[in-house]
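What you are looking at is a predicted structure, and each value in this text was computed from that prediction instead of being measured. By convention in this document, chain letters (A, B, ...) are assigned in the order of the sequence lines, proteins followed by strands, and residues within each chain are numbered from 1.
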Number of protein chains: 2
Amino acid sequence: MAQPGLKSRTVAAAIAEALRTDILSGALASGAQLRQDALAGAYGVSRIPVREALLALEGEGLVQIVPHKGAVVSALSAAEVGDVFDLRILLEPRLARASIPLLTREDLAELDAIQARFAEAVARQDRALWGALNAQLHLTMYRRAPLPRSLVLVAGLLQTSERYTRMQMARAAADRRAAAEHAQLVALCRTGKAEAAATLLAAHIEAVRADMLALMQAAG
Amino acid sequence: MAQPGLKSRTVAAAIAEALRTDILSGALASGAQLRQDALAGAYGVSRIPVREALLALEGEGLVQIVPHKGAVVSALSAAEVGDVFDLRILLEPRLARASIPLLTREDLAELDAIQARFAEAVARQDRALWGALNAQLHLTMYRRAPLPRSLVLVAGLLQTSERYTRMQMARAAADRRAAAEHAQLVALCRTGKAEAAATLLAAHIEAVRADMLALMQAAG
DNA sequence: ATTTTGTATATTGTATACAATCTTGGAGTC
DNA sequence: GACTCCAAGATTGTATACAATATACAAAAT
């Protein structure tokens with residue numbers, strides 16, 4: 001998700017990356033106030049790069065900035081979570097169909113690698129890693145689709161999902177099924193069965209969505 | 001598109017609004033370099049709010065920022081334009097179905113007003129206004145859909161379209177048809193025929209898309 | 001007691017100043 | 001002539017300082 005080799009080219013980007021990680025991992029909960037001075041102090045920088053990081057995160061929808069009031073980690077309503085998954089069901093199979101026939105040998109190798117690390121993360125119950133790898137796997141599958149805007153939008157949807165799949169992964173049953181489906185998806189990519197992959201994908205996302213909403217219902 | 005009653009609550013927001021208008025109207029062409037100092041001088045402010053405005057616009061996809069190199073008005077490839085219209089065809093009918101049954105009397109009155117101003121703009125060949133009103137009309141139709149993320153995404157797609165519909169409107173034939181279709185859409189909204197509106201909408205966007213791509217082919 | 005109002009404090013927004021990075025042009029080398 | 005290298009200028013990135021706005025709490029008024 002973050003290509004800039006672990007140390008960013010700019011302080012603002014580094015702060016943004018750190019905050020993004022903390023929000024996606026849940027270390028910063030929805031509704032948390034993000035004080036510029038506090039963040040600047042914590043990272044040992046001035047408020048300027050902090051402000052720019054917050055601006056960038058607002059663009060990604062991770063925080064909400066109210067003029068003269070400050071930044072807050074954005075919260076999603078149940079309606080929005082449902083909408084996000086509906087959109088994924090609408091858009092991801094389309095990307096799969098457009099991309100899978102164009103995947104290279106290198107892409108397939110990368111998918112294998114991600115899938116392996118994914119399975120490992122599932123086994124170790126490492127939920128933070130799980131979310132990142134899940135998004136990475138999906139995006140790598142779609143990488144070759146000549147649909148640049150769709151890719152950007154789906155990347156955003158996956159990032160939003162990432163914040164919520166963490167709770168979902170509390171369920172041992174669900175994570176096992178997800179891992180199995182991912183393995184099937186990679187196999188279908190390898191054999192070039194784009195249509196079958198698209199169909200499975202829709203079912204896959206639908207299953208995650210159902211789990212998620214049930215869990216949100218239960219947990220409030 | 002810009003609720004903040006014409007004078008923004010913050011300098012950065014005002015700069016962003018001004019730049020956005022210039023980009024959407026074509027006053028700032030794709031690929032144009034945006035120098036912080038020059039903008040700061042032109043607006044009589046320091047570079048800080050200019051930087052923050054650019055950050056915001058990057059989040060909207062209107063400019064692209066390269067670290068230590070600066071901001072450039074983003075250009076769209078033919079592939080991306082096609083993708084944007086495909087996405088609109090995919091998403092807008094869905095929003096229409098979800099929203100139209102929930103439209104209030106006030107919403108319908110607003111649609112009438114926008115439609116009237118729209119027809120006027122078409123008659124006067126005012127293309128800058130045309131684009132803004134087109135986006136406003138569509139978004140007002142979808143306003144009541146309980147699909148917050150979809151609304152955000154479609155707003156972005158409409159904004160992108162806005163930059164390109166301006167050239168399309170050079171064609172007298174196309175703009176007349178668009179105006180007529182808009183009138184039909186508003187009528188269908190009033191009578192609550194959501195399904196018919198969704199169908200017409202798909203055809204409407206498809207027609208605009210075809211015109212657009214033909215024009216891009218011709219103009220390069 | 002409730003509301004209002006004012007003031008002190010906290011927090012964000014912007015300007016100025018400085019540091020880091022990139023670009024440009026020419027001198028020198030092969 | 002093409003290339004490398006280096007220095008000066010241009011441009012962006014960040015820190016510090018100040019201004020504007022919002023928040024919290026106490027005093028005053030009804």
Contacts under 3.5 angstrom, residues 37-49 of chain A side chains, donor-acceptor by atom type, not counting sequence neighbours:
| unit_1 | atom_1 | unit_2 | atom_2 | d |
| --- | --- | --- | --- | --- |
| A/S46 | OG | A/I48 | N | 3.2 |
| A/R47 | NE | A/Q36 | OE1 | 3.1 |
| A/R47 | NH2 | A/Q36 | OE1 | 3.3 |

Sequence neighbours excluded, every pair satisfying salt bridge (charged side-chain N to carboxylate O under 4.0 Å, His left out) that has a member inside residues 22-33 of chain B: none
Heavy atoms only: give me the nearest A/S99-A/A145 pair and the separation to one decimal. CB-N, 3.4 Å
Taking 4.0 angstrom as the limit, do A/D86 and B/R149 come out as a salt bridge? no
Do B/D126 and B/R117 sit within salt-bridge range, that is, some charged N less than 4.0 Å from a carboxylate O? no
Contact pattern, 5' to 3', of nucleotides 12-19 of chain C - B, S or - by protein heavy atom under 4.0 Å: BBBBB---
